[in-house]
Amino acid sequence: PVYDVNKSYVFSVKAKEMTDQETKLGLSLTNEMGIDILYTHLGNRFNYFEVRKAMKNAKLLISGGGSLIQDTTSAKSLFYYLWVIHHAQKRGIKTMLFANGIGPVNRKLSRKAASYILKKVDCITLRDPDSCRELEAMGIDKNKYTLTADPAFALNPADDKAVYEI
């Protein structure tokens, strides 16, 4: 089945702990219609061939969490995340930014690349009002994104013993 990611879906997110030397991300997503979407594996996310292989049969790329679209810490990381999104778009894979923080994106080339690629993202949810303002300043249509909450607020707090061990 094909699902329209432009509609507003409510997802409950549970991170799965992985023990392996590869970078893995496991998500169990359930929308309000009870449709489960399970498990994405990127392998070594810095290996072009593994990322390409992981996308081979993908229908949806979820780029989630954190402030990935920013060039304050490094333009290199920004261009990596934009490359992954653009790579998926070129292959006809639906793309979603899930509860992201956007910005600041200060460099002229960074802003131009981010605007170009983000205008083609199918669904964007943002975790703070500053991110909405950043997308608006980049010329992204307001109907393209939704303000939501950081999914970290849905996590259960650790018990006292776990906190002490940290």
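- Annotation: the span from K90 atom NZ to W83 atom CH2 amounts to 9.0 Å, rounded to 0.5 Å.
- No donor-acceptor distance shorter than 3.5 angstrom exists from the side chain of T146 to the backbone of T125, with no hydrogens or angles considered.
- Remark: R133 pairs with P129, D130 by the side-chain contact (heavy atoms from CB on, under 4.5 Å) rule, at least two apart or across chains.
- Between S63 and L68, the closest side-chain pair of non-hydrogen atoms falls below 4.5 Å.
- L147 CG to D128 CG: the interatomic distance, rounded to the nearest 0.5 Å, is 7.5 Å.
- Residue pairs meeting the salt bridge (Lys or Arg N to Asp or Glu O under 4.0 Å) criterion with at least one member in residues 77-87, sequence neighbours excluded, do not occur.
- The nearest pair of heavy atoms linking G101 to S131 is CA-OG, 3.3 Å.
- For the atom pair CG of L109 and CZ of F79, the computed distance is 4.0 Å after rounding to the nearest 0.5 Å.
- Partners of K142 by salt bridge (charged side-chain N to carboxylate O under 4.0 Å, His left out), not counting sequence neighbours, listed by chain and number: E136.
- Going from atom NZ of K120 over to atom OG1 of T95 covers 10.0 Å, rounded to the nearest 0.5 Å.
- Of all heavy-atom pairs between A88 and L61, the closest is CB-CD2, 3.9 Å.
- The two residues T73 and S77 make their nearest non-hydrogen contact at OG1-OG, 4.3 Å.
- Judged as a salt bridge (Lys or Arg N to Asp or Glu O under 4.0 Å), the pairs with a partner in residues 101-118 (not counting sequence neighbours) are, in order, D71-R107, R111-E134.
- Atom CD1 in I62 sits 12.0 Å away from atom CD1 in I85 (nearest 0.5 Å).
- Remark: T148 engages no residue in a side-chain hydrogen bond (donor to acceptor under 3.5 Å, both in side chains) (not counting sequence neighbours).
- A donor-acceptor pair under 3.5 Å is absent between the side-chain atoms of N100 and the main chain of I102, judged by distance alone.
- With rounding to the nearest 0.5 angstrom, the CG atom of L97 is 12.0 Å from the CZ atom of R127.
- The 12-atom threshold is not exceeded at CG of D160, counting heavy atoms of other residues, nucleotides or ligands nearer than 6.0 Å.
- Taking each heavy atom of A149 and A99 in turn, the nearest pair found is O-CB, 3.9 Å.
- The closest donor-acceptor contact from the side chain of K144 to the backbone of V121 lies under 3.5 Å.
- T72 is linked by a side-chain contact (heavy atoms from CB on, under 4.5 Å) to Q70, P104, N106, counting only residues two or more places apart in sequence or in another chain.
- When all heavy atoms are compared, the tightest approach of A114 to I69 is CB-CG2, 4.3 Å.
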